[in-house]
Amino acid sequence: MSADTAATSLAIEDGIAILTVSSPPVNALSARVRTGIAEGMRTASADPAAKAIVLICEGRTFIAGADISEFGKPPQGTPLAEMIATLEGAPKPVVAAIHGTALGGGLETALGAHYRVAVPSAKVGLPEVKLGIIPGAGGTQRLPRVVGVQRALEMITSGEFVSAAKAAESGLIDEIVEEGRLREGAVAFAKKVVAEGRPLKKVRDLSDKMDEARGKPEIFDAFRKAHARKFRGFEAPEGCIRAIEAAVNLPFDEGLKKEREIFNGLISGTQSKAQRYVFFAEREVRKIPDLPDDTKTLPVESVGIIGAGTMGGGIAMNFLNAGIPVTIVEQKQDALDRGLGIMRKNYEASAAKGRMKAEDVETRMGLVTGSLDMKDLGGADLVIEAIFENMDLKKETFAKLDAVAKPGAILASNTSYLDVNEIGAVTTRPDHVIGMHFFSPANVMRLLEVVRTDKATKEVVATAVKLAPKIGKLGVLVGVCHGFVGNRMLAQRQREANRLIEEGAMPWDVDRVLYEFGLPMGPFAMSDLAGLDIGWQKGQEATRLRDRLCDIDRRGQKTGAGFYDYDEKRKATPSKLVEQMVLDWSKEKGIARRPISDEEILQRLVFPMINEGAKILEEGKALRASDIDMVWITGYGWPVYRGGPMFYGDTIGLKTVLAKMEEWEKAIGPEFKPSALLRRKAEAGEQFTGAA
Ligand code: T1G
């Protein structure tokens, strides 16, 4: 065995060759691993002492896919398809022994084996679509041959992880072996196969599960139609469908060629670059330079929440879902009852959709205690304030909380904009005060901005950051500034959206451009959903067009009219009345309207956001550009296939962003002044992310 195969080892025990992969953290198919497996397979295949071969992995998981960090680099070592052929072409039975997660190239390798066994806790899947590609080593050709076309379409276009039990049901796993005894179970299975003289089951030769779909494009069209909304904007799902269609209608090797062709087309595209960037960006957020992994954290075994409104209730559910008891405090009984009632209704709705068991509703609601007395928060390890966004009210609340909370308790504010240092300063423990900014609906949105105050101790910050994944959140560390990262950048976009409809665009033009760009909704439709009367006061002079709309009782979806008219199904249509009001508003402001292109609309909305992101980095209010991108992807619906605003700026080219900002600074105003960081990077030909 040459030096290259250090990631693998081969032993023959009692007539069974055991080829072991050991390449932490997830046995990804790096060049070393591929070469090691191919060589190990050839040796074992040629060794008469081995009657069968077991492929198994050390560490926490079976092969979790190709090594994503090798993408885009010059290929080295044994190509994956050739490696897999050493399994399928072996002259003796090959058994893949699966634990942890057999994913992507890992599952494709297992599909190259003649048999697969797994422990009950194992999961399998082909998540390549989440990286903007398709399975590229036979997965789109072999999986449908085993699980059928419909199931393969679902698994490959969703990238979902499937449990060992479900995989066994669909024929993907031949035997479930005892948990913790994979090696023994796999060897016993291999011996059984030899003893019973079972055939070398080559998946490539299977076709019975394909017959039903052969020559029936309607099956694939129906699938496209049923998932059109979910696949909107993504290129890879269509690639998956076409590859599976090829598997059904072409001979195996031609299908493989088609798969490779589609794979190569996608992997060199911007979408896949963006989604691979996001894969690593999502993992980078937890790496905080001055908080090494072993930084001590404080226990969070009980939580208090102040305010049982929409945010308070949603926040509470995250902790209940994680089995952490919550005491939720309100000022009035009816408000408390309403808050608890909504939480129960949300759980019951999830149970009705089969997303949780009925008894889980009771278990989770059993962990929450309602109260009208702040003193009942005295035992909580962490208290999160989720009351109305008003500084005086928050200061008053924190002063009271400080008096009742136990020593060492962490006090957090769910403020969306306000200065958490100022809030902490009213307490005797500013070193235990931070911001934990959840996003509505708080039990659904993944983002949690962890706001690091000037005085917070490392333990307190590390506790909040490490708590995030436990409650199903992506915790992104941000600094104290108005609106932190997300809302601060959103304010730039909102300002420009309002300006664009004064200068010549219509609200539905602006919304359409952002919708086509990939966001779920534009700013005006979003305002109609949230309600136009936030911050509006009857009888006050209208400073924004939306105030005018409120004056005539068009307050958004809830009144059936806002910027749009809404039918009984809440379907939005542009309003003739609003169109006239927009024209009148410009006239009143003495603005001569002009035609505005979609390109200018998009640039005016997005470039100032990128510039603001650069300022945030300059000020150290975010650790890295990829953190900013994760805020926008997990908190504001930014399409993952565009990588986030900072990555998008890099794909456009920072010189272009800079030039436009400079142009608008002259033409419109100083608010477009380019950040020094943007200028520096643009002039140096550099990127924010280095990944575009
Ligand atoms: N390549 C390179 N690094 C990887 C990796 C991979 N496939 N998977 C994980 N890592 C790194 C990750 O960056 C992190 O590093 C560490 O491992 C632990 O990961 C031909 C082309 C397996 C479910 O898409 O979904 O095969 O941050 O923190 O939460 O068709 O990792 O510690 O430095 O996520 O326990 C298809 C990707 C590839 C699976 C484990 N495979 N991985 O989750 O740990 S494309 C995937 C995951 C492919 C073929 C194609 C998860 C996990 P660091 P982690 P985890």
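One-based numbering, in listed order, for ligands and for the atoms of each.
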Could you check [atom] against the protein and tell me its nearest heavy-atom contact, residue, atom and distance included?
atom	value
atom 51 (C) of ligand 1	Arg283 NH2, 3.8 Å
atom 17 (O) of ligand 1	Pro25 CG, 3.2 Å
atom 7 (N) of ligand 1	Ala66 O, 2.9 Å
atom 4 (C) of ligand 1	Val26 CG2, 3.9 Å
atom 39 (C) of ligand 1	Ala64 O, 3.3 Å

Kindly confirm or rule out an N or O of [X] lying under 3.5 angstrom from an N or O of ligand 1.
X	result
Ser69	no
Ile134	no
Phe263	no
Ile68	yes
Arg286	yes

Which atoms of ligand 1 have any heavy atom of Phe280 under 4.0 Å away?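 Checking each atom against Phe280, I get 13 (O).
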Which of the atoms in ligand 1, numbered in the order shown and given with their element, are less than 4.0 Å from a heavy-atom of Arg60?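 In order of numbering, the contacting atoms are 18 (C), 19 (O), 35 (O), 44 (O).
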Salt bridge check, Arg224 against Glu245: does any charged N sit closer than 4.0 Å to a carboxylate O? yes
Is a salt bridge present between Glu82 and Arg42, judged by a nitrogen-to-oxygen distance below 4.0 Å? yes
Selection from [options] by shortest heavy-atom distance to [atom]:
atom	options	result
atom 52 (C) of ligand 1	Ile63, Leu103, Asp293	Leu103
atom 23 (C) of ligand 1	Phe71, Phe161, Phe279	Phe161
atom 27 (O) of ligand 1	Lys287, Glu259, Glu284	Lys287
atom 50 (C) of ligand 1	Arg276, Glu128, Gln275	Glu128
atom 30 (O) of ligand 1	Glu108, Lys123, Glu70	Glu108

What's the verdict on ring-ring contact (aromatic ring centres under 6.0 Å, His included) for Phe71 and Phe279, showing C-alpha distance, side-chain angles and the deciding distance? CA-CA 13 Å; Phe71 290 8; Phe279 175 84; 9.7 Å; no
Passing candidate, salt bridge (Lys or Arg N to Asp or Glu O under 4.0 Å) with Glu282, options Arg446, Lys287, Arg276: Arg446
Looking at Phe161, I'd like to know if the NZ or CZ of Lys130 sits under 6.0 Å from its six-membered ring centre while staying within 45 degrees of the ring's axis.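 Yes, Lys130 lies over the aromatic ring of Phe161.
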Check whether any protein heavy atom sits under 4.0 Å from atom 43 (O) of ligand 1. no
Given the protein's heavy atoms, is any one of them under 4.0 Å from atom 15 (O) of ligand 1?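 There is no protein heavy atom less than 4.0 Å from atom 15 (O) of ligand 1.
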Step through the shown structure and confirm whether more than 12 heavy atoms of other residues, nucleotides or ligands are within 6.0 Å of NZ on Lys473.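 Yes.
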For Gly139 and ligand 1, answer yes if some heavy atom of the residue is under 4.0 Å from a ligand atom, otherwise no.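 No; Gly139 lies far enough from ligand 1 that no heavy-atom distance drops under 4.0 Å.
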Are Lys130 and ligand 1 in contact, using a heavy-atom cut-off of under 4.0 Å? no
